[in-house]
Amino acid sequence: MNEGKKVQAIQEEILRLKKEKNALILAHNYQIPEIQDLADFVGDSLGLARRAQETDADIIVFCGVVFMAETAKILNPEKKVLIPSLDAGCSLVDSISLEDLRAWKAEHPDAVVVGYVNTSAEIKAECDICVTSSNAVELVRSIPEDREILFLPDMFLGAYVARKTGRKMHIWPGECHVHARLGYHRIRQMQTRYPDAELLVHPECGCSTSCLYYAENGDLGEHVHILSTSGMIRKARETRAKRFLVATEVGILHPLRKAAPDREFVPVDEEAICPYMKKITLENLLTSLREEVYEIDVPENIRTKALKALQAMVSVG
Ligand code: 13P
Ligand code: SF4
C-alpha cells in the first residue's frame with residue numbers, strides 16, 4: 001500500500017471507531033494536518049477547553065498536550081478523557097514546580113496568583129485565576145488595582161500582559177523553548193525581507209514585548225497583531241493583507257492556509273516546531289481510540305481547586 005493510501009486507511013478506521021464509541025476528537029492548531037483534518041474541532045487552548053466542557057460525547061480524545069487534556073478532565077469529570085501519548089508535555093509546564101510555587105506564595109501571602117493554562121493540574125489548584133493567551137489581558141485588568149499579582153510561568157506572556165494593562169506584576173522566569181527563540185532580531189530580519197507583510201505574533205514569543213513597544217511607538221505601525229493561535233486565524237480572515245509573517249509554532253500554517261487560501265503565510269522561523277505537540281500521530285490516535293488509552297485522571301481534591309481557577313478562564317474572552 002502506498003503512503004497516501006495507508007494514511008487514508010488509518011483515517012477511515014479512526015472515524016469508524018469515533019462513531020462506534022461516540023467519541024469527540026479535539027485537536028490543537030499545532031497538530032499535524034492529517035489529524036486536524038479529521039478532528040471534530042480544531043482550536044486554541046480556550047476554544048478547546050470550552051468545546052470539551054459542552055460535549056455530550058462519551059469519550060474525548062485530546063490531540064494536543066497533557067495540560068490541555070487535564071483541563072478538559074477538570075472541566076468535564078464524568079467524561080473519559082484520552083490522550084494518545086503521555087510524552088506530549090510542555091516546557092512551560094516544566095518551568096515551575098509545586099515547591100517553587102508554594103515558596104513564592106509564602107513570600108507574597110496576599111497576592112492574587114494568576115496562572116497561565118500551560119501548567120499542571122496541581123499548579124492550577126494553587127492559583128486563583130487561570131488565563132489563556134486570548135484572555136490574559138482582560139482577566140488581569142479585572143483584578144482590583146490595589147492587589148499584588150503573581151503571574152506564572154511564562155515571562156514573555158507576563159511582560160506583555162504587564163505592559164498592556166499597566167499593572168506591576170511579579171513574573172515567574174519560565175519560557176517555552178519553541179517561542180523563546182522567536183526574538184525581535186529575527187522578526188526585524190524577516191520584516192526587511194517582506195516589508196509589505198502583516199505580522200502575527202504569539203505572546204509567548206521572545207519578541208512579544210519589544211513588538212508591542214515598537215508598534216506603540218510607530219516603528220512597526222499598525223502591522224503587528226499579538227494574538228492567540230485562533231486569534232491569528234480570525235485576524236487573517238478579516239484583514240485584507242496579501243502576506244503575513246507568522247511568529248509561532250509552524251503547525252498553525254495549516255489552519256491559516258485553510259482559512260485564507262488566497263493569502264501567503266510565511267513562518268518567521270520554519271524550525272519553530274513543538275516536539276511535544278508532534279508526539280501525537282495518526283497511529284497512536286488510532287491505538288488510543290481502539291484501546292482507550294491513555295486515560296487522564298485528576299485526583300478530586302486537586303480537580304475541585306483547579307476548577308475554581310479555570311471557571312474565570314472559560315467565562316471570559
Ligand atoms: P494558544 O492557546 O494560543 O493556542 O497557545 C497554546 C500554546 O501552547 C502555545 O504554545
Ligand atoms: Fe508548550 Fe511551547 Fe509546545 Fe506550546 S509550543 S505546547 S508552550 S512547549
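All values below come from the heavy atoms of this structure, side chains included, with hydrogens, waters and symmetry mates left out. Numbering starts at 1 and runs along the sequence shown. Both counts, for ligands and for their atoms, begin at 1 and track the order of listing.
Protein heavy atom nearest atom 5 (O) of ligand 1, with residue, atom name and distance: H202 NE2, 3.3 Å. Distance from atom 7 (C) of ligand 1 to its nearest protein heavy atom, with residue and atom name: E204 OE2, 3.6 Å. Among all protein heavy atoms, the one lying closest to atom 2 (Fe) of ligand 2 is C176 SG, 2.3 Å. Ranking the protein heavy atoms by distance from atom 6 (C) of ligand 1 puts S45 OG, 3.4 Å first.
Inclusion of C90 in the first shell of atom 1 (Fe) of ligand 2 is supported: an N, O or S atom falls under 2.8 Å. Residue contacts to atom 3 (Fe) of ligand 2: C274 brings an N, O or S atom closer than 2.8 Å. Using a cut-off of 2.8 Å, one finds that H177 contributes no N/O/S atom close to atom 2 (Fe) of ligand 2.
To the nearest 0.5 Å, the span separating OG on S288 from CD on E292 amounts to 8.5 Å. The CG atom of L75 sits 8.5 Å away from atom CZ of R303, with the distance rounded to the nearest 0.5 Å.
Contacts of N118 with ligand 2, taken as heavy-atom pairs under 4.0 Å, involve the side chain alone. Contact annotation for N118 and ligand 1: only side-chain heavy atoms (C-beta onward) come within less than 4.0 Å of the ligand. Counting heavy atoms under 4.0 Å from ligand 1, residue E249 does not touch it at all. Contact annotation for T132 and ligand 1: no heavy atom of the residue comes within less than 4.0 Å of the ligand. Contacts between S133 and ligand 1 below 4.0 angstrom, taking non-hydrogen atoms only, involve the side chain exclusively.
Shown here for M313 and R50, the closest heavy-atom pair between the two residues is O-NH2, 4.3 Å.
Atoms of ligand 2 found under 4.0 Å from any heavy atom of E204 (numbered from 1 in listed order, with element): 7 (S). Of all atoms in ligand 1, numbered sequentially from 1 with element shown, those under 4.0 Å from a heavy atom of S228 are 3 (O). Using a 4.0 Å cut-off to heavy atoms of L92, the atoms of ligand 2 that qualify are 7 (S). Atom numbering of ligand 1 starts at 1 in the shown order; those under 4.0 Å from a heavy atom of H179 are 10 (O). Near Y276, meaning under 4.0 Å from one of its heavy atoms, ligand 2 places the atoms 8 (S).
The side-chain heavy atoms of E198 and F244, taken from C-beta on, include a pair separated by under 4.5 Å. Looking at heavy atoms from C-beta onward, K21 lies out of side-chain contact with D58 at the 4.5 angstrom threshold. With contacts defined as side-chain heavy-atom distances shorter than 4.5 Å, the pair V42/Q31 does not qualify. Two residues are said to be in side-chain contact when any heavy atoms from C-beta on lie closer than 4.5 Å; W172 and L150 fail this criterion. The shortest side-chain heavy-atom distance between Y294 and S85 does not fall under the 4.5 Å cut-off.
The closest approach between any non-hydrogen atom of C176 and ligand 1 is not below 4.0 Å. Judged by the shortest distance from any of its heavy atoms, H179 lies inside the 4.0 Å radius around the atoms of ligand 2. In this structure, H28 counts as a contact residue of ligand 1, since one of its heavy atoms falls inside 4.0 Å of the ligand.
For the pair D196 and K242, the salt-bridge criterion is not met [side-chain N within less than 4.0 Å of a carboxylate O]. Of the charged side-chain nitrogens involved, at least one lies within less than 4.0 Å of a carboxylate oxygen, so that R16 and E20 count as a salt-bridged pair. In summary, E122 and R102 do not engage in a salt bridge, as defined by a charged side-chain N under 4.0 Å from a carboxylate O.
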Practice item. Using the salt bridge (charged side-chain N to carboxylate O under 4.0 Å, His left out) rule, take R51 and D40 through it: C-alpha gap first, then chi angles, then the decisive distance, then the call. Key: CA-CA 10 Å; R51 197 69 170 73; D40 294 293; over 6 Å; no

